[in-house]
Amino acid sequence: MEYDFKKVEKKWQDYWYSHDCFKAIDFDSKPKYYALIEFPYPSGAGMHIGHIKAYSSMEVVSRKRRMQGYNVLFPIGFDAYGLPTENYAIKNNIHPRIVTDRNILTFTNQLKSVGLSFDFDRVIDTTKEDYYKWTQYIFLRLFKKKLAYKSFTYVNYCPTCKVVLANEDSQGGHCDRCGSEVIQKQKDVWFLKITDYSQKLLDGLDEVDYPARVKQEQINWIGKSVGAEINFKIKQNNENLTVFTTRPDTVYGVTFMVIAPEHEIIEKYSSCITNLDAIKEYQIAAQKKTEFQRTQINKDKTGIKIEGLTGINPITGKEIPIYVADYVMTGYGTGAIMAVPAHDTRDYEFAKKFNIDIIPVIEGGDISKEAFTDIETGTMINSDILNGLSVKDAKDKIIEYLESNSIGHKMVNYKMKDWAFNRQRYWGEPIPIINCPNCGYVSDDNLPLKLPYIENFKPGNDGESPLADIKEYVNCKCPKCGKDAKRETDTMPQWAGSSWYFLRYCDPRNDNELANMEKLKYWLPVDWYNGGMEHVTRHMIYSRFWNNFLFDEGLVPVKEPYKKRTCIGLILGRDGQKMSKSLGNTVDPLEIVNEYGADTLRVYILFIGEYDQPAPWSDEGIKGVKRFLERVLRFDEKLNDKEGYSPSLENLIHKTIKEVGNDIENIKFNTAISKLMVLSNAYSKEESITKDDLMVLLKLLNPFAPHMCEEINEKIGNKECMVFSKWPDYDEAKTIDNEIDIAVQVNGKLRGTFKIAKDSSKEEMERRAFEVENVKVHINGKEIKKVIVVPNKIVNIVAI
RNA sequence: GCCCGGGUGGCGGAAUAGGUAGACGCACAGGACUUAAAAUCCUGCGGAAGGCGACUUCCUUACGGGUUCAAUUCCCGUUCCGGGCACCA
């Protein structure tokens, strides 16, 4: 029999998509299941092999759920705003709208050519007015709750892309997109106050099912630390200089203070400072450094003492010098620290370099050599009222002291910074804000605020958006007072549209609200969200923030959007390196589909290795999968007329149903497929098999290789397509073997095996163990010390 | 520097409430079918040694220790690879 996979796969794709097989039905009485994948950015390069791997896990789960009787929502869309499209458009002089539409069309066809069971009726495109209208709406809700604000600040600026970058997009001091070195630039830009949700985002992690490492990464990203703020006095003017510390208990060890170069007191008290010129010089030098250079850990400590300002330790009354140094960051805590060189490596290095006293306040360590930082436990010394206390008690006592004397209080700090919510680019959601000289920033509630269709979308000079050049866009009337005003010309960052797309899927065509509450109540939360490790911090935290906010606004019914999250491991190139165009080691999924068929590709991608681990592509490996599927294709030739399962296969069938089901739920697709191979190998060895035998295999295989299974199903005379065929049940009692192999060890070494009925008594097992010939040889002439019998498993004889 | 993963045949990888290491697949070798090749089917396949032989023995889960009747699995130390965070006070 010739199996023409191209023809067959096309046939079933046409059937499924034209018969609405994957349509999610609002308010259906079946239990709902919402499976989500990270929607793609429709790049010109089209679908990558990684996309298929990323989608295939939820694809298998969705198909299985449909067979289990669920009403499944498995949607797809396009996160289409962003730089690559815009850069491509500029280079080729084609409008990004045209490029985007073209790419989405290509992508859609490619997705369908793999037979993915998305509900294509709910497709969303973040760049369409009916979608970004609601992205703008959410922004305005944030603005009205003062969670969106404009601030004059230093920003990371990429001189090549001519855009301001979020810290997240410029890690390592280089632009995420082009790799250019990022420079610091002052600009007035929009921020979202995600920091107001720091604690909520932490607390939410307790109620969701994410892998431990995912939670840990989010916890680290948010970076909570508990400590205290303490007001030190400045001797010359009796003003406060407030510091944040996680170790208020070490306050007796403070021998100097350090402020960040940007700290306001330099300007404020400049009249007191006698070496102002030198300090200004240091400030300028620090400003020139990029964020990256400043955070290089191994570089020498630099700094300069402020002459004319002296700090006073509010606990001891001792006078201490104040330094400016760029190892203190302006954006964290108060931008000023109390330095305890005896117990902090950075302070220690600084103190050594500037010859400052080092006073240990916790017992242990040798401060002549290095800072003693292992101080979670220990006993306080040199600390007056804290002497002799444990670290924990000292913390409590000093905070109580600070609070009762109004010189400080308990304080929590987070590393996470507010979200820089702006791009100086054309291809993004316009920010619907009007700047009125009279009223200040005013929301433009007339949504959508359309992105004008312009010819010149190249970035403006000096970090301005190209929209700034369009007079008729910029110039407008203030909605409040009616006077002449100017429109915001920055657009939203790439992360905006993806921060709420999972909500829109629940009600994608709603023109009156971002999504109907009843529909959201029906579908949310997302039951299972699969995607890349690289989106675990940025995208996931941003979208959890938006969802939490919308919950507070009463617009969504759940706090946490994603009930369960799993992550995918990369498919590496044939050479074991990460696939990249520059290395020339990419694998084109369409070529593979063309050569082997979609089913083979789908199965191979999941068989290649552990789903969340990286694994190299192998052209040899895929052939084995092809052979397996072709063997299954031939089973219809050996069907007999009997009913039910063949007695010789029954046990294995029940076992396979159980294990394949479990493996799918535990994202262990590689072992699920290997168990299907084992079952099919058993079928091969049979003279003939029953139709029921075959149907079980087809049903278990259907989520992985659906085209082929449909074809066989039809060929053997079944009328109904397999999408809603019933997932097979198993009988627990029949998964257990009646006869068990028992291993016999002598002194821990395997010396033989025997078969015995399951649940045989210990006595019986022991008796049989001693009958094994090779066992007799090994215990000959020795004294039996002990016999360990583990029912249904093993007998170990200890003999000396 | 800190926090997570991971190290098993020629290769991708199985097996951990401790209990026959190497499932499944690839590659390779031998055989069947064929005029031939491809495809397919059968057999073997961690390493070493012994035996004509069914077999037997020793070694083997990065390295070194430990706990245990029994360790890929648990504990301690070392090392290498991957990811995340990083002068965060």
Side-chain angles (χ1 to χ4, degrees), chain A residues 171-172 211-221 223-225 227 243-247 250 257-258 260 294-301 325-329 331-340 343-347 349-350 373 413-417 533-534 536-537 567 569-570 576 578 604 607-610 612-625 627-628 630-631 634 668 670-681 684 741-753 774 777-778 785-799:
Chain A
Q171 291 184 356
R213 60 180 173 146
V214 170
K215 285 192 184 182
Q216 198 53 54
E217 276 195 25
Q218 295 200 2
I219 289 167
N220 291 344
W221 185 268
K224 179 178 182 172
S225 43
V243 302
F244 172 72
T245 176
T246 55
R247 298 303 300 252
T250 62
M257 298 178 79
V258 187
R294 269 187 69 172
T295 54
Q296 281 289 289
I297 192 159
N298 288 329
K299 83 180 163 61
D300 272 350
K301 294 279 176 293
D326 64 6
Y327 82 90
V328 173
M329 304 287 126
Y332 184 79
T334 62
I337 63 161
M338 57 175 227
V340 186
H343 303 294
D344 182 282
T345 313
R346 296 148 304 176
D347 297 346
E349 280 170 27
F350 195 86
T373 55
N413 253 302
Y414 300 89
K415 277 190 227 174
M416 185 166 67
K417 290 175 185 154
M533 209 51 206
E534 72 277 17
V536 152
T537 43
C567 289
L570 289 178
K578 195 170 166 178
Y604 176 61
F607 184 60
I608 195 168
E610 228 177 312
D612 59 2
Q613 293 296 120
W617 178 268
S618 158
D619 291 312
E620 301 301 335
I622 197 170
K623 286 178 189 156
V625 168
R627 266 174 229 159
F628 159 61
E630 283 173 349
R631 225 173 294 141
R634 288 195 294 269
K668 299 180 81 166
N670 54 338
T671 52
I673 292 163
S674 83
K675 282 157 195 167
L676 291 172
M677 288 173 170
V678 170
L679 186 66
S680 95
N681 289 345
S684 294
D741 279 320
I742 300 296
V744 187
Q745 296 180 337
V746 177
N747 294 330
K749 285 199 162 130
L750 182 72
R751 297 301 179 193
T753 60
N774 198 36
V777 173
H778 281 90
K785 284 277 186 195
K786 198 174 172 185
V787 180
I788 293 114
V789 182
V790 183
N792 294 330
K793 284 220 167 109
I794 202 165
V795 178
N796 189 12
I797 300 163
V798 185

Using atom [atom1] of each nucleotide, how far apart are [N] and [M] to the nearest Å?
N: B:A62; M: B:U72; atom1: C1'; result: 12 Å
N: B:G77; M: B:A86; atom1: P; result: 27 Å
N: B:C55; M: B:U60; atom1: P; result: 24 Å
N: B:A89; M: B:C2; atom1: P; result: 15 Å
N: B:G19; M: B:C74; atom1: P; result: 10 Å
N: B:A23; M: B:G13; atom1: P; result: 15 Å
N: B:U73; M: B:G6; atom1: P; result: 13 Å
N: B:G22; M: B:G9; atom1: P; result: 14 Å

Report yes if a side-chain nitrogen or oxygen of [X] is closer than 4.0 Å to either non-bridging phosphate oxygen (OP1 or OP2) of [N]; otherwise report no.
X: A:Asn670; N: B:A14; result: yes
X: A:Arg627; N: B:A27; result: yes
X: A:Arg751; N: B:U57; result: yes

Checking A:Ile622 now: which residues fulfil side-chain contact (heavy atoms from CB on, under 4.5 Å) with it, not counting sequence neighbours?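 For A:Ile622 the side-chain contact (heavy atoms from CB on, under 4.5 Å) partners, ignoring immediate neighbours, are A:Ile592, A:Tyr596, A:Thr600, A:Tyr604, A:Trp617.
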Do A:Asn681 and A:Arg631 make a side-chain contact, defined as non-hydrogen atoms from C-beta onward lying under 4.5 Å apart?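 Yes, side chains in contact.
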Report the nucleotide, chosen from [options], that has the shortest atom-to-atom distance to any side-chain atom of [X].
X: A:Met677; options: B:A89, B:C24, B:C87; value: B:C24
X: A:Gln745; options: B:A89, B:U20, B:C24; value: B:U20
X: A:Arg631; options: B:G12, B:C24, B:C41; value: B:C41
X: A:Gln216; options: B:C26, B:A89, B:C3; value: B:C3
X: A:Asn681; options: B:A14, B:G25, B:G13; value: B:G25
X: A:Arg213; options: B:C4, B:G19, B:G5; value: B:C4
X: A:Val798; options: B:C87, B:C85, B:C69; value: B:C69
X: A:Lys793; options: B:A15, B:G25, B:G19; value: B:G19
X: A:Val328; options: B:G25, B:A89, B:G19; value: B:A89

Show the numbers, then the answer: is there a side chain to side chain contact (heavy atoms under 4.5 Å, CB included) between A:Val340 and A:Arg247? CA-CA 9 Å; A:Val340 186; A:Arg247 298 303 300 252; over 6 Å; no
Considering all heavy atoms, the nearest [X]-[Y] contact:
X: A:Thr250; Y: A:Met338; result: OG1-CE, 3.8 Å
X: A:Ala743; Y: A:Leu750; result: CB-CD1, 3.7 Å
X: A:Phe607; Y: A:Val625; result: CD2-CG2, 3.9 Å

Which part of the nucleic acid does [X] contact within heavy-atom distance under 4.0 Å: base, sugar-phosphate only, or nothing?
X: A:Val678; answer: sugar-phosphate
X: A:Glu217; answer: sugar-phosphate
X: A:Thr753; answer: base
X: A:Asp347; answer: nothing
X: A:Ile788; answer: base
X: A:Ser225; answer: sugar-phosphate
X: A:Asn774; answer: sugar-phosphate
X: A:Lys675; answer: nothing
X: A:Lys578; answer: nothing
X: A:Phe628; answer: nothing

Kindly say whether, by distance alone, the side chain of A:Lys785 makes a donor-acceptor pair under 3.5 Å with the base of B:C69?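 Side chain to base: no pair below 3.5 Å.
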Give a yes or no on whether a donor-acceptor pair under 3.5 Å exists between the nucleobase atoms of B:C85, that is its base, and the side chain of A:Asn220.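 Per atom types, no contact qualifies.
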Hey, which of these two, A:Val795 or A:Met533, hits RNA chain B nearer its 5' end, going by closest nucleotide?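 Whichever sits nearer the 5' end wins; that is A:Val795.
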Quick check on RNA chain B: between A:Pro614 and A:His778, whose nearest nucleotide comes earlier from the 5' end?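 Going by which nucleotide is closer to the 5' end, it is A:Pro614.
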Just to verify, what does A:Phe628 make a ring-ring contact (aromatic ring centres under 6.0 Å, His included) with, not counting sequence neighbours?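 Listed in chain order: nothing, the list is empty.
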Run the numbers on A:Asp612 and A:Arg213 for side chain to side chain contact (heavy atoms under 4.5 Å, CB included), then give the verdict. CA-CA 12 Å; A:Asp612 59 2; A:Arg213 60 180 173 146; 4.0 Å; yes
Nearest-angstrom distance from the residue atom [atom1] of [X] to [atom2] of [N]:
X: A:Glu620; N: B:C28; atom1: CD; atom2: P; result: 7 Å
X: A:Lys786; N: B:A70; atom1: NZ; atom2: P; result: 9 Å
X: A:Glu610; N: B:G82; atom1: CD; atom2: P; result: 19 Å
X: A:Ile797; N: B:U20; atom1: CD1; atom2: P; result: 16 Å
X: A:Asp612; N: B:G13; atom1: CG; atom2: P; result: 12 Å
X: A:Glu349; N: B:A89; atom1: CD; atom2: C1'; result: 14 Å
X: A:Lys749; N: B:C69; atom1: NZ; atom2: C1'; result: 14 Å
X: A:Lys224; N: B:A86; atom1: NZ; atom2: P; result: 19 Å

Basic-acidic side-chain contact under 4.0 Å: A:Glu620, A:Lys623: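 Yes.
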When you look for runs of 3 or more Watson-Crick or G-U pairs in a row, both distances below 3.5 Å, which of them include RNA chain B?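 The stems are B:1-7 with B:79-85, B:10-12 with B:24-26, B:28-32 with B:40-44, B:46-50 with B:55-59, B:62-66 with B:74-78.
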Quick check on B:G53: syn or anti? Syn means the glycosidic torsion is within 90 degrees of zero.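 Anti, angle beyond 90° from zero.
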Would you say the side-chain atoms of A:Asn413 pair up with the backbone N or O of A:Ser225, donor to acceptor, closer than 3.5 Å?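 Side chain of A:Asn413 to backbone of A:Ser225, a donor-acceptor pair under 3.5 Å: no, none is there.
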Would you please classify the geometry between the A:Tyr327 ring and the A:Phe350 ring as parallel, tilted or perpendicular, with 30° and 60° separating the classes?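 Rings of A:Phe350 and A:Tyr327: tilted, 30 to 60°.
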